[in-house]
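Worksheet: the structure to be examined is printed underneath.
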Amino acid sequence: MTDARHDLLFPSLAPDEIACLLEHGSELTFNPGEPLFSEGDPAAECFFILLDGEVKVTKRVADGETLLVTHRAGQFTGEIGILTDDRAIATARATTAVRALKIQIDVLKEIIAECPTLSGIILPALIHRRPEAMAIAHQREKLAALGKLSAGLAHELNNPAAAVARAAAQMRGALDRLYGAVVADCAPDDPASVAYAQVRAEAIARPLLKLDPLAQSDREDELSDFLERHGVADGWNLAPTLVSFGIEPAVLAPMAKYQSPTQFSATVTRLEADLSATRIIAEIEDAAGRISNIVKAVKSYSHMDQATTQEVDIHDGIDNTLTMFSHELKHGVRVTREFDRSLPRVMINPGELNQVWTNIIDNALDALDGKGSLTVRTGRDGDALTVDIIDDGPGIPPEIQSRIFEPFYTTKPVGEGSGLGLDIVSRIVRQHGGDIRLTSCPGETRFRILIPLPQAA
């Protein structure tokens, strides 16, 4: 699915149309990195038609620059002065060797008045480009504000998460020292103490058992009956923890053999408390690690304190985005990553591309409603890198597929959707010189995003 609005905003003049303009302007050349015009320049000096090469148009936003569009041969830029005497609202800079035709605005106005063909190409574009540029700049400002907010939250979360991890490690060390002191206080030839030490060491060393509910219940009943027969009154309360560590009646039998019922009850109670503390510490360490991973993902996702445009591995941003959705993905949605890791790094604005993955994945999860499959696949299509985001939900009805990229169009109830998500997606992809396509039927909805590879640029 191609974006017809792109063709309206950034049309290309045919060779015969350019030939009609050559005698009315001056031909200039620009080296890579050299500006054709800069933001704030008088608008009357800013109309160019590209004959050869590539130009990127950027606008200052917050603490950096955001890419508005990439122009190539046959396209034009700097036309805002036809309508107003405003200064240039953006900067156009050559990214390759560029040959361009520069025409004074007054001369261009006369040409448009006398040539309906040119007026039909240039006027629709210039009418729509200014609000389009301002909308992109406004969107970039909001993303910059979100990045600053994320930076503050990440900083505030990271410190307590690190403190919790340190405390858990210290608690584990204290528990080990306590156990060592208890063992040292026991008689070395006490068979019950030797059996306890062996049972504890083996239980901690093995991974926790993950049984189905019926098998878990059967083992708990069996162990509870054993404990009750050996004088442990609350064996039913101790059995769940002991079973999860793989302890069976045969494991406890040596201790029961050498101890009275009262002693054995105290020993089993201490073992259960010891193992419970060990498990709780492991859970705290795991939770602290998860928080740290999420904080790292947030920081990488928003690309805080980094340049606006960077050379990155596209897969990093996709992985970070999926991490942000981990709470929604763990309840029945199967995620499959089919990544082509041989793809080259690309020069993009990673924070903005992450918004693309976020909006499309969020829509897919809405369609799946908690169950189904989500596949994210990367690959190559000619000179473009491709990212396919596929869900096996009910699909998008054919009658609305042509409208889903329209601003403010939404199928959600009032108050639940702004209709701007896919419009933002389309804008960002276009800013990167790419394309977005949709195919959908019941059982498969596929969004394909194409980003130019370095050799294509």
Side-chain angles (χ1 to χ4, degrees), residues 1-3 210-213 286 289-290 293-294 296-298 300-301 312-343 346 348 350 352-381 384-405 409-413 416-426 428-429 434-451:
M1 178 178 186
T2 58
D3 193 342
K210 295 182 179 179
L211 304 172
D212 64 80
D286 180 68
R290 287 175 181 268
N293 288 337
I294 291 173
K296 291 177 183 177
V298 169
S300 181
Y301 175 86
V312 300
D313 183 339
I314 201 81
H315 303 101
D316 293 340
I318 297 173
D319 276 331
N320 290 328
T321 303
L322 289 171
T323 299
M324 301 294 289
F325 282 104
S326 58
H327 65 291
E328 296 183 41
L329 295 173
K330 64 183 180 182
H331 297 301
V333 176
R334 299 180 303 279
V335 179
T336 302
R337 294 170 170 85
E338 297 179 3
F339 291 168
D340 180 358
R341 294 288 185 177
S342 67
L343 291 171
V346 287
I348 59 171
E352 291 186 349
L353 258 295
N354 286 345
Q355 296 299 309
V356 173
W357 321 137
T358 298
N359 278 300
I360 297 178
I361 291 174
D362 187 42
N363 285 345
L365 294 179
D366 279 346
L368 292 173
D369 195 23
K371 55 184 180 297
S373 298
L374 176 71
T375 300
V376 184
R377 180 182 301 137
T378 62
R380 185 191 299 261
D381 183 357
L385 175 152
T386 62
V387 178
D388 291 328
I389 301 176
I390 309 161
D391 69 76
D392 61 357
I396 300 172
E399 61 270 18
I400 69 170
Q401 290 183 20
S402 62
R403 300 192 59 193
I404 63 169
F405 293 106
Y409 180 77
T410 179
T411 58
K412 296 179 180 179
E416 293 187 15
S418 64
L420 290 174
L422 291 178
D423 174 56
I424 290 173
V425 165
S426 178
I428 292 173
V429 172
D435 190 16
I436 181 167
R437 301 169 185 172
L438 164 71
T439 57
S440 182
C441 63
E444 181 178 296
T445 295
R446 179 193 304 264
F447 282 90
R448 166 164 284 199
I449 299 92
L450 297 95
I451 304 296

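Heavy atoms only: backbone and side chains are in, while hydrogens, waters and symmetry mates are out.
- Under the 4.5 Å side-chain criterion, counting only non-hydrogen atoms from C-beta, Val376 is not in contact with Trp357.
- In this structure, the side chains of Leu450 and Arg448 come closer than 4.5 Å at one or more pairs of heavy atoms.
- Here the closest non-hydrogen pair linking Leu438 and Phe447 is CD1-CZ, 3.9 Å.
- Between Val312 and Ile348 the shortest side-chain heavy-atom distance falls below 4.5 Å.
- Ile361 contributes atom CD1, which lies 6.0 Å from atom CG of Leu374 (distance to the nearest 0.5 angstrom).
- The backbone N or O of Leu422 sits nowhere less than 3.5 Å from a side-chain atom of Ser426 that would complete a donor-acceptor pair.
- Taking CG from Asp391 and CZ from Arg446, the interatomic distance works out to 10.5 Å, rounded to the nearest 0.5 Å.
- Atom CG of Asn359 is separated from atom CD1 of Ile428 by 7.5 Å, given to the nearest 0.5 angstrom.
- Closest non-hydrogen pair, Thr445 versus Ser440, comes out as OG1-OG, 2.8 Å.
- By the neighbour-count criterion of 12 heavy atoms within 6.0 Å, atom CG of Asp340 is densely surrounded, having more than that number from other residues, nucleotides or ligands.
- A pairwise comparison of heavy atoms in Leu368 and Ser373 identifies CD1-O, 3.8 Å as the closest pair.
- Residues Val333 and Lys371 share a closest heavy-atom pair of CG2-N, 4.0 Å.
- Closest approach of Gln401 and Ile396 over heavy atoms only: NE2-O, 2.9 Å.
- For the atom pair OG1 of Thr358 and CZ of Phe325, the computed distance is 5.0 Å after rounding to the nearest 0.5 Å.
- No side-chain heavy atom of Leu385 sits less than 4.5 Å from a side-chain heavy atom of Ile449.
- To the nearest 0.5 Å, the span separating OG1 on Thr336 from CZ on Arg377 amounts to 9.0 Å.
- Across every non-hydrogen atom of Val429 and Asp435, the tightest pair is CG1-N, 3.3 Å.
- Every side-chain contact (heavy atoms from CB on, under 4.5 Å) that Asp319 has, sequence neighbours left out, goes to Arg337, Phe339, Arg341.
- Among residues two or more places apart in sequence or in another chain, the side chain to side chain donor-acceptor pair (under 3.5 Å) test is passed with Asp313 by His315.
- Taking CG of Asn354 as the reference point, atom CD1 of Ile314 lies at 8.5 Å (rounded to 0.5 Å).
- Side chains of Val387 and Leu353 form no contact here, defined as non-hydrogen atoms less than 4.5 Å apart.
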